[in-house]
Amino acid sequence: MKQNKSDRQKKIYVLIFAIAIIAFLIMLAAYALGYEFSHNFPIVLGILLGILISSGLILYARKGNLFEAEYDERQLAENARADKLAFRCAIIEMFVIASIDVARINVPVENSVLLILAIIISAGIEVTIRIMNDSYFALNESKKRYGIGFALVGVLNVYFGISALIRKGAFKNGKISFEVSNLLCGVFILYIGIILFVKYLIDRKEEADEES
Amino acid sequence: MKNLKLKSARAGKDMSQDDLAKCVGVSRQTINAIEKGDYNPTINLCISICKTLGKTLDELFWIGDGNDD
């Protein structure tokens, strides 16, 4: 009853992963040779590094099988519902952000932070629905290993977030700047941890009811 | 609508939800959702459950005139 990803999907994931690795290596080599692409180079490098660390953690949680997430039919249906809601939410958020920009409404937050907030809210909706419907973890994924991975990513984000705030401050030109993005991600991972804990308590009660 | 027939067939085989879930290749919560009537499984999953429990589709999933619950 397990539903595996098609070969085509696997190839797409492999391609994205390969591009991230190649881009990371090229940029790292260029940086080592003293070249700089732009003033945003560390941010791009950080994003690519994030992709690589995430891939490593997924590899660890799936016990060596990066591209093989096994969901059953109910989980796939729940995931599709969560994806749909998150996508609709993202469209509304993009519309709001675009409206703010077009109408030149002065908000005390940079556009980049607004976009990150939009991503976090959409991801939060998707993750909450998937966790509460038991479709977040695939059948071949270790919840314990994912927990360790989340803790690691959360701590890294909070560390980089706080150190960026100390070095550069949260405000630039009177607006909350991009420097808070790591801290926002850390808070998001903390939120996932809380939801997982709540779901764990619900499951434990359910299992106890089944035994009685 | 709760599927008590499935629950009793599973208990008759002395299997937990987790045991049955592993046998048919789904999550424990999926079996729980089927028993609680929160999820209608596909015919493939129904057949797989029936084979594991040694029952027919009628015995586990047919809803008759109100006495089947």
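Order of the sequence lines sets the chain letters (A, B, ...), proteins ahead of strands, with each chain counted from 1. Reckoned from all heavy atoms, side chains included, excluding hydrogens, waters and symmetry mates.
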When the 4.5 angstrom heavy-atom criterion is applied to Asn32(B) and chain A, the contacting part is side chain
**Request:** Establish, from distance only, whether the side-chain atoms of Ser177(A) and Glu110(A) form a donor-acceptor pair under 3.5 Å.
**Result:** no
Bottom line for Ala33(B): the part with an atom under 4.5 Å from chain A's heavy atoms is side chain
Salt bridge Arg28(B)-Glu206(A), side-chain N to carboxylate O under 4.0 Å:
yes
Okay, Asn133(A) and chain B: the region with an atom under 4.5 Å from a heavy atom over there is neither
Per side-chain hydrogen bond (donor to acceptor under 3.5 Å, both in side chains), Glu35(B) is matched among Lys7(B), Lys2(B), Arg10(B) by Arg10(B)
When the 4.5 angstrom heavy-atom criterion is applied to Lys22(B) and chain A, the contacting part is neither
CZ of Phe150(A) to CZ of Arg145(A), rounded to nearest 0.5 Å, is 15.0 Å
